[in-house]
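What you are looking at is a predicted structure, and each value in this text was computed from that prediction instead of being measured.
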Amino acid sequence: MWAMIVKEFRQLRRDRRTVALLVFQPILMLVVFGYAASFDVSEVPVNVFGPGAERVARVLPPPFEVQEVDEGADRADAESALRDAEVPVAVVTSSTGTTVLLDGSELFIAQETKATLATLSDRVPEEIAGSVEVEVLFNPDLETSAIMIPGLAAMILLFVGSVITSLGVVRERQAGTLEQLAVMPIRPVDVFLGKIAPYFVVAAVDMVIVVLAGMWLFDVPFEGSVFVFTLGALLFLFVTLGTGVLISSVSQNQGQAIQLALIVLLPQVMLSGLIFPLSSMPAGVRWIGYVLPLTYFVDIARGVMIRGASFEALATSFLYLAIIGLVVFGLATLRFRGSLAPARRRRETPERTLEEALR
C-alpha cells in the first residue's frame with residue numbers, strides 16, 4: 001500500500017497542471033462565494049427629474065445615490081433613462097406629487113428600493129413622503145423568471161460553446177484523428193471552422209428553444225428587436241466557441257478540459273450579474289466582472305427582452321463584447337493552428353527526404 005501511495009504522489013507531482021488546478025480552484029471558489037455571493041444592495045443610483053428636483057435630491061436617504069438632477073426634464077425622460085439602463089431608479093416630481101419609477105429588470109435593486117420607500121415617511125419631510133407613488137416598469141410584477149430566462153439563454157451558449165466544444169476537440173486529439181486532419185490538403189482555418197460549425201448550430205438552436213419556451217411557459221416578454229438580440233447572441237457565441245477551442249488547445253485529455261472549463265464558467269456565472277447584482281460586489285471583485293463576456297451578453301439579453309432597449313443604448317456592451325471576441329477568437333485560431341503544425345511538419349519531412357534521395 002505504501003508503494004502505491006508513493007507512486008500516486010510522484011505521478012501527481014509530475015502532473016503540474018492538475019496540481020495547479022487543485023490549488024487554484026478552491027481559492028477561486030472561496031473568493032467568488034465569499035465576496036460576490038450577496039443579494040444585498042448597498043447603493044442605488046437614481047436620477048431626479050422635474051420641478052423641485054433639487055429639494056427632493058437633497059433629502060433622499062441611503063442607499064440612494066443621486067447621479068443626475070434635472071428640473072427641466074419630465075416623466076418621458078425618466079422612462080428613457082431607465083430603458084437605456086442609465087440608472088435603475090428615477091424620481092419624477094410634479095405639482096401633484098412624486099413618482100418613483102423602478103426598472104423591474106434590476107430585480108434586487110427594485111426590491112431594495114421598495115423596501116426603503118416603505119419607511120420613507122419617517123426619514124424625509126412630510127410634504128414629500130406623503131405623496132410618493134411607486135411604479136415598476138419593465139417586469140412590473142418583479143417576476144424572477146423574467147430576468148432568469150435571458151440569463152439562461154446566455155448560459156446555454158456559454159455551456160455549449162466552452163464545455164462541449166472543448167471536449168469535442170480534445171476527443172479528436174486523444175483519438176489521433178486531429179493529426180489525420182492536419183495531414184489532409186486543407187488549411188488549418190478550414191479545419192478550425194469545420195470543427196466549430198456543428199456546435200455553433202446546436203447552441204443557436206438551443207438558445208431559440210429556451211427563449212421561446214420561456215416566453216410561452218413563463219410569459220417572459222420580448223419587447224425589443226429580434227435583430228439586435230440575434231446580433232448580440234452571435235457575438236457572444238463566437239466568444240464562447242473561441243474559448244472552447246482555446247481550452248482544448250492547452251488540454252491533453254478531456255479531464256483537464258473539464259477542469260479548465262469549470263474554472264472559466266464559475267467566475268462568469270457568479271461575477272457577471274447573472275445571479276448576484278454587480279452593485280452588491282466589492283469594487284475589487286466587481287472589476288473582474290467587467291472583463292467577462294457573459295456580463296455584456298446578459299446586459300444585452302435583458303435589455304432587449306425586458307426593457308426593449310435599442311442598439312444605441314446597448315452599443316457599449318456590443319463594443320466590449322466584440323473586442324473580447326476578436327481577442328479570444330484570434331488566440332484560439334493561433335493556438336489551433338499551432339497544434340496542427342507538428343503533424344504537418346511530420347507529413348512534409350518524408351517528402352523532402354525522398355526528393356533529396358532522388359537527386
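Under a hydrophobic-cluster definition in which Ile, Leu, Val, Met, Phe, Trp and Tyr are linked whenever side-chain heavy atoms come within less than 4.5 Å, directly or via other members, Leu237 and Val208 are assigned to the same cluster. Cluster membership check: Val226 shares its hydrophobic cluster with Trp216, using side-chain heavy-atom separations under 4.5 Å among Ile, Leu, Val, Met, Phe, Trp and Tyr.
Here the side chains of Val91 and Val100 are in contact, with some heavy-atom distance below 4.5 Å. Contact of the Asn139 side chain with the Ser105 side chain is not registered, since no non-hydrogen atoms from C-beta on lie closer than 4.5 Å. Val87 places none of its side-chain heavy atoms less than 4.5 Å from the side chain of Val44.
In terms of heavy-atom proximity, Asn47 sits nearest to Ala81 at ND2-CB, 4.2 Å. Summarising the geometry of Val239 relative to Gly325, their closest heavy-atom pair is CG2-CA, 3.3 Å, with the distance given to 0.1 Å. In plain terms, the two heavy atoms of Ser225 and Val304 that are nearest each other are O-CG1, 3.4 Å. What you find for Ser317 and Asp299 is that their closest heavy atoms are OG-OD2, 2.6 Å. Here the closest heavy-atom approach between residue Ala78 and residue Val92 is recorded as CB-CG2, 3.4 Å.
A donor-acceptor pair under 3.5 Å links the side-chain atoms of Asp74 to the main chain of Asp77, judged by distance alone. In this structure a side-chain-to-backbone donor-acceptor pair under 3.5 Å is present from Thr295 to Gly289. Panel note: side chain Thr113, backbone Ile109; a donor-acceptor pair is recorded below 3.5 Å. Asp84 contributes no side-chain N or O that, together with a main-chain N or O of Glu86, makes up a donor-acceptor pair within less than 3.5 Å. Under the 3.5 Å distance criterion, the side-chain polar atoms of Glu71 are left unmatched by any main-chain donor or acceptor of Val69.
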Going by atom type alone, with no hydrogens or angles, which donor-acceptor pairs under 3.5 Å involve a side-chain atom of residues 142-162 and a protein atom two or more places apart or on another chain?
from   : atom 1 : to     : atom 2 : distance (Å)
Ser162 : OG     : Leu158 : O      : 3.2

Give every donor-acceptor pair under 3.5 Å between a side-chain atom in residues 263-276 and any protein atom, sequence neighbours left out.
from   : atom 1 : to     : atom 2 : distance (Å)
Gln268 : OE1    : Leu294 : N      : 3.2
Ser272 : OG     : Gln268 : O      : 2.5
Ser272 : OG     : Leu274 : N      : 3.4

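Looking at Arg83 and Glu223, no side-chain N of the basic residue comes within less than 4.0 Å of a carboxylate O on the acidic one, giving no salt bridge.
Residue Phe49 shares its hydrophobic cluster (ILVMFWY side chains chained together at separations under 4.5 Å) with no other residue.
For the atom pair CZ (Phe138) and CG (Leu102), the distance works out to 11.0 Å, reported to the nearest 0.5 Å. Within the model, atoms CG of Leu334 and CG of Leu246 stand 10.0 Å from one another, a figure rounded to the nearest 0.5 Å. The CD atom of Gln67 sits 8.5 Å away from atom CD of Glu43, with the distance rounded to the nearest 0.5 Å. Once rounded to the nearest 0.5 Å, the distance linking CG of Leu212 with CE of Met207 reads 9.0 Å. A distance of 8.5 Å separates CG in Leu321 from CZ in Phe297, rounded to the nearest 0.5 Å.
Contacts of Arg58 classified as salt bridge (Lys or Arg N to Asp or Glu O under 4.0 Å), with partners at least two apart in sequence or in another chain: none. Residues meeting the ring pair (Phe, Tyr, Trp, His ring centres under 6.0 Å) test with Phe218, sequence neighbours left out: none. Taking the ring pair (Phe, Tyr, Trp, His ring centres under 6.0 Å) definition, one finds that Tyr199 meets it with nothing, sequence neighbours left out.
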Next item on the list: Take Leu60 and Val48 through the test side chain to side chain contact (heavy atoms under 4.5 Å, CB included) and record every step on the way to the result.
Entry: CA-CA 10 Å; Leu60 284 176; Val48 186; 3.9 Å; yes
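With Phe229 as reference, Val211 is the one residue of Leu314, Val211, Leu234 to meet the side chain to side chain contact (heavy atoms under 4.5 Å, CB included) rule.
Within 6.0 Å of OH in Tyr320 there are 12 or fewer heavy atoms belonging to other residues, nucleotides or ligands.
Between Phe318 and Tyr296, the distance from one ring center to the other does not fall under 6.0 angstrom.
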